[in-house]
Amino acid sequence: MIEKNYQPADIEGRMSLVWEDARAFRAGRPDRRDAKPFTIVIPPPNVTGSLHMGHALNNTLQDILCRFERMRGRDVLWQPGTDHAGIATQMVVERQLMERQQPGRRAMGREKFLERVWQWKDESGGVIINQLKRLGASCDWSRERFTMDEGLSRAVVKVFVELYRDGLIYKDKRLVNWDPKLLTAISDLEVQQVEIKGSLWYLRYPIEGKTFSPDDPKSFIVVATTRPETMLGDTAVAVHPDDERYRPLVGKRVVLPLVGREIPIVADAYSDPEKGTGAVKITPAHDFNDFEVGRRHDLPQINVLDKEGHLALVDNEDYLRGLPEGSAEFAREFHGVERFAARKRIVERLQDFGFLERIEPNTHMVPHGDRSGVVIEPFLTDQWYVDAKTLAQPAIAAVRSGRTRFVPQNWERTYFEWMENIQPWCISRQLWWGHQIPAWYGPDGRVFVAETEEEAISHALGYYVEQEVITSEQGREMALDRNKREGFITRDEDVLDTWFSSALWPFSTLGWPADTPEVKRYYPTDVLVTGFDIIFFWVARMMMMGLHFMKEAPFSTVYIHRLVRDEKGAKMSKSKGNVIDPLGVIDEYGADALRFALARGAAQGHDIKLSPQLVETNRNFATKLWNACRFAEMNDCAVAEDFEPANAKETLNRWIAHETARAMREVNEALEAYRFNDAANAMYRFVWNVYCDWYVELAKPALTGADGPAKAETRAMVAWARDEILKLLHPFMPFITEELWEVTGRRDTLLALSPWSVEPGALPLDVAAMSRDAQVPDVLLTYAANFADFSAEAEIGWVIDLITAVRSVRAEMNIPPATLTALVLAGASEETRERAPRWSEVIRRMARLSDISFADRAPEGAVQLLVRGEVAALPLKGVIDLAAERARLDKEIAKADADIKRVDAKLANEKFVANAPEDVVEEEKEKREVAVARKEKILEARERLKDAS
RNA sequence: GGGCACGUAGCUCAGCGGGAGAGCACUACCUUGACAUGGUAGGGGUCACAGGUUCGAUCCCUGUCGUGCCCA
């Protein structure tokens, strides 16, 4: 029994358990051993995360694909899991410690702190997984993985070691993006450029050998800078080689104000003559461009900041080298000053001595850390890098050759653009939570990279014995006795960028580096579904790692979806307060409603605008489906065992079979092309506007009439079409369809595991064309021919048109629904005379008619309608306003005239007749004939009206 | 500055070479035997603008204006 009211909350809770008990989503089910696998890896959400609309969309789309393919018989693996999210998680736990006024991370020490993070993960890390289950995600939950679990960590170590041995990972001292708040390096991608209204300071650098005077422009060179505080680390001034103004100065030296360091004026094309003064200060240790200039001119790199962004001058050998007497005092004065305070004080000091020429307002881009929000400091440190340029080559080739394609395709351009200009990937992070880098340092700082400490020590001992740093006797003792080698090598403190482990996700989750059956069966995956914001972070890196280690691209298709926005199109954000919480919406309207709303909006290349009201609309659709199924149940509709829809005799039943086949085709084609919105909208229309509005209504007479073959067939067909609807909708609305499937019949299997329908839709429904194609098997030809039932379409189409026309004119004439009118079919054809009695009951009910009769001509003063070229008359003499009816007909005539005129204009155009394809010309001629016939009939009707008055 | 999109009904969007479409909102009417979380009907658009290609342009091309995003 179907409950009277649709209550999503009850159904969804129960169905989750049903699926779980049946292990419905397990990959490798015995019954699918021979099936083709279908694999998707979930973009692993952060363990710290909770489900937001972006997740809801992303996972709804993946689930639609997985359920679709599962029903199509594939052995589906949707691999779930979570990401350890280095910085984010470490921050969450640190914040928690602070809130609870417990000792901080550093006070705790690394080991204790990590224990604490794991504890947090065990308690809170499962939240998002449960939320995904509430959404209906059909992941194989038994295979859930975590980027820091044992197996995945093994993969990370192996990859690091192999890439190191291949020379694709290396350690280098260069400028990195340094986050002075989080005290770690971050990658280029984690840096956000923010437009800042700042200033451009024009500084006078005195030329060596001249007496500096602010009034004597010959005694100095003016440089413009946005970061005056870094001038303490300047090691040159650069001018453009072609810049005539400065040519005589190249090769000369300037004396750095306040500092006293003598630095050269160099010619370098980096300096832009149009910008500022055309002369720029060069600070190789604090600016990426200056770093390159410094390399070209062999300039020293002087770092004047510490890790927290404070000036570090005292005991700074690089800074103090070669400075004149008395500079130590200045160093002491400014040592330890925070960078922005230092900026202010240095500018003041420069001004005091006449070195500041002027200040201009200047808007420019300033790098910020995406996690910390503070200004990023280009900082000279030792870090580990991946040679991304080398790894990118096969990844570019895979997309170029089409082995991996992007949907929509225009993302390929973005991908190529980035991949072709890829920079070395900084992978070391000065954090504790993450995969610690498998590198150890010997007493002299030499690096030993190995999968385990044992392996590292053996390499180290071998090396140092060979180098005669230790004797072979010492080496042997240390190898045997753990205590004796204590502290001989020390492990690198840093951990890897979180994205390093996510890059391995498509194969590490399958058990790699072990040679598991899963790796063989499920790699490469079929499709990756993700947002454009992580193409670089994640997609590109999976491509690189997958191709390098598996020799095959990790997925054949990358489907890129867009953002979910609020109803006004604004990005959802906590600060704007316009965030729609998916769980709140699920509580109120059900997961199916949310999923369907998202799917219907998921047009390629478009953001999705979502409002609670939109979800409500889709909940209403679910209710409609619910009630349609109740109707079927109340009328004892069930699919008989030997029922074959293609053999239906009743016209109406043949018609709905045809329409159902069309819906199947639409859904199949749309989903195969990743057009989720087209598939969902096709079902929305089919269920509501075809099945409910017309089929069910037109079927009522048969269902409530006398028993017999027609009634039996109609009952079966109502049930058959319902079952097809449940199947076709299941990928989008899994809960309600599974529930209805269960309660509406004796089922062999869960709907989630039911076979997708035979696919007449996979064939063109142009039967004539099909029969010419020798490739099409006879069985399918028969099937398609039976479904493409044009005669049924003609008859039911006539019924629908007639009812619609009568309703329309009744509304226009303000005839209240309670008033029943008679209908006279005037001059009806043989066909119509046959059809009308068959449909008289429904037509009367739906069009509010008292009686249907035939006549040669429409009665006097009747309202006359044209239905498929024939006149249907409502004898309403005395009821209606004749003048209004005349006006209505005049409008109709005018419309027909306009049509005729338009076509005539075309046909009169010789060039049109000569150039347009024959069938188009033919079509126009037909249109004209139809319009002319129409006009004649209406003219006749108008004449009859004249007679009446 | 470079790149990618997008301007179609009040809103959200579909259509993408041959008669302007859907959903929501709006208006009017209706408790009819699955459903008022419903039914029926209706109003509403020089398809951003200007050129070009074409027998024919909302659709293809160019430009302009406007909007959004990504990268420097």
Side-chain angles (χ1 to χ4, degrees), chain A residues 2 4-8 188-189 192-193 365 408-418 421 532-533 535-536 562-563 565 567-571 589-590 593 597 600-611 613-614 616-635 637 675 677-678 680-682 684-685 688-689 692-693 696-697 700 703-704 718 722 803-818 845-848 895 898-899 902-903 905-917 919-921 923-924 927-928 930-931:
Chain A
I2 304 179
K4 174 141 179 30
N5 291 312
Y6 165 54
Q7 307 278 13
D188 297 347
L189 287 173
Q192 231 102 72
Q193 299 293 335
M365 300 303 258
Q409 203 185 355
N410 47 292
W411 288 108
E412 287 177 7
R413 196 185 250 275
T414 309
Y415 172 85
F416 290 136
E417 187 62 30
W418 191 71
N421 296 295
F532 58 88
D533 47 339
I535 292 180
F536 307 140
R562 300 285 296 246
L563 244 49
R565 296 172 173 272
E567 66 251 64
K568 294 190 204 82
K571 213 166 170 170
Y589 302 109
R600 290 183 66 199
Q604 285 183 9
H606 287 283
D607 289 345
I608 298 175
K609 281 162 199 159
L610 190 78
S611 61
Q613 191 215 35
L614 194 68
E616 188 184 351
T617 300
N618 289 286
R619 189 276 318 269
N620 294 351
F621 173 72
T623 307
K624 187 76 182 176
L625 173 69
W626 186 265
N627 284 307
C629 291
R630 279 184 68 219
F631 171 83
E633 183 180 65
M634 290 160 99
N635 284 282
C637 295
R675 293 197 321 267
N677 58 324
D678 286 350
N681 283 318
Y684 185 93
R685 269 192 289 271
W688 205 313
N689 302 118
C692 291
D693 286 353
V696 164
E697 290 303 327
K700 279 177 181 173
L703 292 173
T704 55
V718 167
R722 175 205 60 207
I803 292 169
T804 306
V806 173
R807 278 171 168 176
S808 180
V809 82
R810 284 178 56 106
E812 221 173 299
M813 298 287 156
N814 288 318
I815 298 166
R845 181 170 51 82
M846 295 181 73
R848 315 291 301 158
K895 224 191 263 172
D899 282 351
R902 193 182 48 75
V903 178
K906 265 193 176 180
L907 292 173
N909 183 344
E910 280 173 33
K911 284 181 180 170
F912 170 72
V913 180
N915 293 326
D919 53 328
V920 172
V921 178
E923 216 173 286
E924 291 296 324
K927 276 183 207 164
R928 187 178 192 284
V930 170

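Reckoned from all heavy atoms, side chains included, excluding hydrogens, waters and symmetry mates. Source: prediction; values computed, not measured. Lettering of chains follows the sequences in order, A, B, ..., and the numbering in each one begins at 1.
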Legend entry - Check: A:Glu812 side chain, B:A28 base, donor-acceptor under 3.5 Å: no
Inset, instruction - Please evaluate the base of B:U37 for a donor-acceptor partner in the side chain of A:Arg619 within a cut-off of under 3.5 Å? - result: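 It does, because a donor-acceptor pair links the side chain of A:Arg619 to the base of B:U37 below 3.5 Å.
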Any idea which of [options] is nearest the [X] side chain?
X	options	result
A:Thr617	B:C35, B:G39, B:C24	B:C24
A:Lys609	B:A41, B:C13, B:C35	B:C13
A:Arg685	B:C24, B:A22, B:A34	B:A22
A:Met365	B:A72, B:G18, B:A34	B:A72
A:Phe536	B:A34, B:C70, B:G42	B:C70
A:Ala603	B:A14, B:C35, B:C29	B:A14
A:Phe912	B:C55, B:A34, B:G38	B:C55
A:Gln193	B:A72, B:C29, B:G39	B:A72
A:Pro817	B:C30, B:G33, B:G18	B:C30
A:Gln613	B:C4, B:A34, B:A25	B:A25

If I take atom [atom1] in residue [X] and atom [atom2] in nucleotide [N], what distance separates them, rounded to the nearest angstrom?
X	N	atom1	atom2	value
A:Glu616	B:G38	CD	P	9 Å
A:Gln7	B:C35	CD	P	16 Å
A:Asp533	B:A5	CG	P	18 Å
A:Asp899	B:A20	CG	C1'	13 Å
A:Glu923	B:G19	CD	P	8 Å
A:Ile815	B:C29	CD1	C1'	13 Å
A:Asn689	B:U40	CG	C1'	13 Å
A:Tyr684	B:A22	OH	C1'	10 Å

Legend entry - 5' precedence on RNA chain B between A:Asp607 and A:Arg600 (nearest-nucleotide basis): A:Asp607
Indicate yes or no for a side-chain donor-acceptor contact from [X] to the backbone of [Y] under 3.5 Å, with no hydrogens or angles considered.
X	Y	result
A:Arg810	A:Arg848	yes
A:Asn421	A:Glu417	yes
A:Arg722	A:Glu633	no

Under 4.0 Å between any heavy atoms, over every strand shown, what does [X] touch: base, sugar-phosphate, or nothing? Just pick one.
X	answer
A:Ser808	sugar-phosphate
A:Pro917	base
A:Glu924	sugar-phosphate
A:Arg810	nothing
A:Cys692	base
A:Gln409	nothing

Sticking with atom [atom1], work out how far [N] lies from [M], rounded to a whole angstrom.
N	M	atom1	value
B:A34	B:U40	P	14 Å
B:A57	B:G39	C1'	40 Å
B:A22	B:G45	P	15 Å
B:U31	B:G43	P	24 Å
B:A48	B:C11	P	14 Å
B:G10	B:U27	P	16 Å
B:C4	B:G23	C1'	28 Å
B:U58	B:G19	P	10 Å

Within the structure, does a side-chain N or O atom of [X] lie under 4.0 Å from either OP1 or OP2 of [N]?
X	N	value
A:Lys927	B:G18	no
A:Thr704	B:G33	no
A:Lys624	B:G39	yes
A:Arg413	B:G3	no
A:Trp688	B:G39	yes
A:Asn620	B:U37	no

Inset, instruction - For RNA chain B, write out the stems as range with range, using runs of 3 or more consecutive Watson-Crick or G-U pairs with both distances under 3.5 Å. - result: B:1-7 with B:65-71, B:10-13 with B:21-24, B:26-30 with B:38-42, B:48-52 with B:60-64
How close do [X] and [Y] get, counting heavy atoms only, and between which atoms?
X	Y	result
A:Asp678	A:Arg675	OD2-NE, 2.6 Å
A:Val903	A:Lys927	CG2-CB, 4.4 Å
A:Gly590	A:Pro8	CA-CB, 3.6 Å

Legend entry - Side chains of A:Asn689 and A:Asp693, donor plus acceptor under 3.5 Å: yes
How many angstroms lie between [atom1] in [X] and [atom2] in [Y], if you round to the nearest 0.5 Å?
X	Y	atom1	atom2	value
A:Lys609	A:Arg562	NZ	CZ	10.5 Å
A:Asn5	A:Arg630	CG	CZ	7.5 Å
A:Thr623	A:Glu616	OG1	CD	9.5 Å

Inset, instruction - Just say parallel, tilted or perpendicular for the rings of A:Trp411 and A:Phe532, cut-offs at 30° and 60°. - result: parallel
